[in-house]
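As structure tokens, the structure follows; a few thoughts come after it.
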Amino acid sequence: MIKDGLIVINKPAGVTSHDVVENIRKIIKIKKVGHTGTLDPDATGVLILLIGKATKIAQFLQNDDKEYWAEMVLGIKTDTQDASGKVVFQAPCRLSEKEVRQALNNFKGKIFQTPPMVSAVKIKGRALYKLAREGKEVDRPSREITIHSIDFLKMESGPYPVVTFKVKCSKGTYIRTLCADVGDFLGCGARLKKLIRTSCGNYSLDDAHSIEEVKELASSSTINDHIILIQDALKQFPSITLKGSYVKDILNGRPLTDEMAEGQLKEIKKGQFIKVLDESKSLIAILKMVDDKKEGILARPIRVFVR
């Protein structure tokens with residue numbers, strides 16, 4: 001039996017994130033598989049998949065920061081902001097490495113970004129990429145994102161210089177849009193050439209498996225050795241262990257009280273998520289601290305993992 005948990009995939013180029021999910025479903029013969037953040041079809045790298053009951057923790061992983069390695073071409077603009085689109089502007093670009101470094105530095109910190117039309121963002125319930133397929137373009141509100149760091153790595157000279165950089169950013173950042181915005185800032189235009197997601201939250205390419213490796217692990221019945229348990233995937237959350245009938249109370253949706261916690265939550269603040277384990281150290285629920293002292297309630301269930 002396949003464990004409930006998380007597995008990190010090194011997504012190949014040329015397939016969608018949904019394609020990867022469907023492929024893994026067939027390999028491990030489990031319908032309940034999801035991912036925590038889409039990668040563009042041409043992009044490669046870290047794609048976190050959630051298996052079985054672990055699909056319930058997607059909301060706690062989707063906000064994780066991401067890291068990317070990227071190449072952008074200066075002097076060319078496309079309607080998709082990457083190599084797959086139609087060229088809408090092209091002119092030789094002559095810029096110095098210093099100018100490019102300064103431009104990248106200008107995008108550090110909190111900035112606003114307009115999602116591209118070819119994206120999964122929904123406007124009035126419809127995904128933008130579906131509207132784009134119909135030849136439609138709609139107004140998209142810009143969103144605040146955070147570029148924690150952006151590091152220039154190298155620049156290949158020529159009429160259309162290729163700039164390699166790495167970036168650490170918040171959820172919702174489009175690297176192809178970042179390239180396009182940098183190109184506009186430089187006055188020459190730019191598009192994304194190649195993109196690799198090198199890490200997502202606590203997981204990096206070092207933790208990732210190719211789809212072929214997953215096939216081999218499944219056929220040799222060793223895949224469970226590479227699935228990260230739900231409680232381990234949420235290692236950023238503190239945990240408490242409940243005894244006896246209190247476990248059943250939580251599984252039935254009851255809030256956590258002082259009596260049940262037995263003094264285990266003295267340092268936990270209001271609004272923080274906590275993991276609840278039974279005496280065998282199995283995860284039974286994720287709770288959110290509310291600290292309702294009038295009723296003696298410390299936390300309320302957000303996700304319960306019924307056995």
Side-chain angles (χ1 to χ4, degrees), residues 1-70 82 84 118-122 127 129-130 169 171-176 194-237 275 282-283 286 303-307:
M1 181 180 291
I2 305 294
K3 291 178 182 176
D4 298 309
L6 175 156
I7 190 165
V8 185
I9 301 297
N10 186 353
K11 177 193 165 302
V15 296
T16 67
S17 299
H18 180 70
D19 290 337
V20 175
V21 169
E22 284 297 314
N23 213 327
I24 298 301
R25 280 175 180 158
K26 292 175 183 177
I27 292 169
I28 64 175
K29 297 179 174 58
I30 290 181
K31 290 183 178 180
K32 211 167 187 180
V33 178
H35 64 75
T36 66
T38 302
L39 265 177
D40 288 341
D42 291 338
T44 66
V46 174
L47 182 67
I48 295 176
L49 299 192
L50 302 174
I51 299 168
K53 294 178 183 177
T55 53
K56 290 186 175 184
I57 69 169
Q59 71 182 92
F60 305 111
L61 300 174
Q62 287 171 341
N63 293 328
D64 286 343
D65 290 337
K66 316 289 194 299
E67 290 185 342
Y68 296 92
W69 177 98
D82 61 13
S84 66
V118 184
S119 68
V121 173
K122 290 185 177 181
Y129 72 86
K130 291 184 178 179
C169 54
K171 169 196 173 183
T173 302
Y174 285 91
I175 305 302
R176 52 196 162 103
K194 186 175 181 180
L195 183 66
I196 303 172
R197 184 190 282 166
T198 54
S199 74
C200 182
N202 296 318
Y203 305 100
S204 71
L205 283 171
D206 291 338
D207 306 303
H209 304 276
S210 69
I211 294 175
E212 287 303 315
E213 286 172 339
V214 174
K215 286 180 182 178
E216 293 173 7
L217 292 170
S219 63
S220 63
S221 300
T222 57
I223 191 168
N224 279 340
D225 296 335
H226 300 267
I227 292 176
I228 300 163
L229 297 178
I230 300 172
Q231 55 262 47
D232 295 330
L234 296 173
K235 57 186 176 183
Q236 71 272 31
F237 295 166
K275 296 177 292 189
S282 295
L283 182 69
I286 298 169
R303 288 286 182 269
V304 174
F305 300 92
V306 180
R307 297 172 179 177

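It should be emphasised that the depicted structure is a prediction, and the values quoted were computed from it without experimental measurement. What's counted below: heavy atoms across the whole structure, side chains too, no hydrogens, waters or symmetry copies.
- Note that the CG atom of N202 and the CD1 atom of I48 stand 8.0 Å from one another [nearest 0.5 Å].
- F237 is not listed as a side-chain neighbour of Q231, based on a closest heavy-atom distance of 4.5 Å or more.
- Residues that satisfy the side chain to side chain contact (heavy atoms under 4.5 Å, CB included) test with D65, not counting sequence neighbours, are H148, K168, S170.
- Distance check, rounded to the nearest 0.5 Å: NZ of K235 to NZ of K275 gives 9.5 Å.
- The main-chain N or O of R176 is never found under 3.5 Å from a side-chain atom of D82 such that the two would form a donor-acceptor pair.
- K53 contributes no side-chain N or O that, together with a main-chain N or O of D4, makes up a donor-acceptor pair within less than 3.5 Å.
- The minimum heavy-atom distance between L205 and G45, with the atom names listed, is CD2-CA, 3.8 Å.
- A 4.5 Å side-chain heavy-atom check between I175 and R197 finds every atom pair outside the cut-off.
- Residues L234 and I57 meet the side-chain proximity criterion, which asks for heavy atoms closer than 4.5 Å.
- With a 4.5 Å cut-off on side-chain heavy atoms, I24 and I30 do not count as touching.
- Taking each heavy atom of A233 and Y203 in turn, the nearest pair found is CA-OH, 3.3 Å.
- You'll find the side chain of T36 stays beyond 4.5 Å of the side chain of F60, heavy atoms only.
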Quick one: do I228 and I7 satisfy side-chain contact (heavy atoms from CB on, under 4.5 Å)? Show the steps, please. CA-CA 6 Å; I228 300 163; I7 190 165; over 6 Å; no
Working for side-chain contact (heavy atoms from CB on, under 4.5 Å), residues T198 and Y68: CA-CA 5 Å; T198 54; Y68 296 92; 5.6 Å; no
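- Rounded to the nearest 0.5 Å, atoms CD1 (I51) and NZ (K32) are 13.0 Å apart.
- At most 12 heavy atoms of other shown residues, nucleotides or ligands fall within 6.0 angstrom of atom NZ in K194.
- Proximity of I2 to I227: side-chain heavy atoms (C-beta onward) are separated by under 4.5 Å at one or more points.
- Put simply, the side chain of S219 gets close to the backbone of K215: a donor and an acceptor are under 3.5 Å apart.
- With T44 contributing its side chain and P12 its backbone, the two residues share no donor-acceptor pair below 3.5 Å.
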Walk me through whether I230 and F305 qualify under side-chain contact (heavy atoms from CB on, under 4.5 Å). CA-CA 10 Å; I230 300 172; F305 300 92; 4.0 Å; yes
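- Here the shortest heavy-atom pairing between A208 and E213 reads O-OE1, 4.1 Å.
- Among all heavy-atom pairs drawn from A54 and G5, the shortest one is CB-O, 3.3 Å.
- Formation of a donor-acceptor pair under 3.5 Å by the R303 side chain with backbone atoms of I286 is not found in this model.
- Using modelled atom types, no side-chain atom of K66 and backbone atom of K171 make a donor-acceptor pair closer than 3.5 Å.
- Contact check for H209 versus N10: no side-chain heavy atoms found under the 4.5 Å cut-off.
- The salt bridge (Lys or Arg N to Asp or Glu O under 4.0 Å) pairs that include a residue from residues 7-25 are E22-R25, where partners are two or more places apart or lie in different chains.
- Counting heavy atoms from C-beta on, the side chains of I9 and V214 come closer than 4.5 Å.
- Annotation: the span from L229 atom CG to L6 atom CG amounts to 10.0 Å, rounded to 0.5 Å.
- Nearest heavy atoms, L39 versus V46: CD1-O, 3.7 Å.
- Closest approach of V8 and D207 over heavy atoms only: CB-O, 3.7 Å.
- When atom types are taken as modelled, the side chain of D40 and the backbone of D42 share no donor-acceptor pair closer than 3.5 angstrom.
- Note that CG of L61 and SG of C200 are 8.0 Å apart. Values are rounded to the nearest 0.5 Å.
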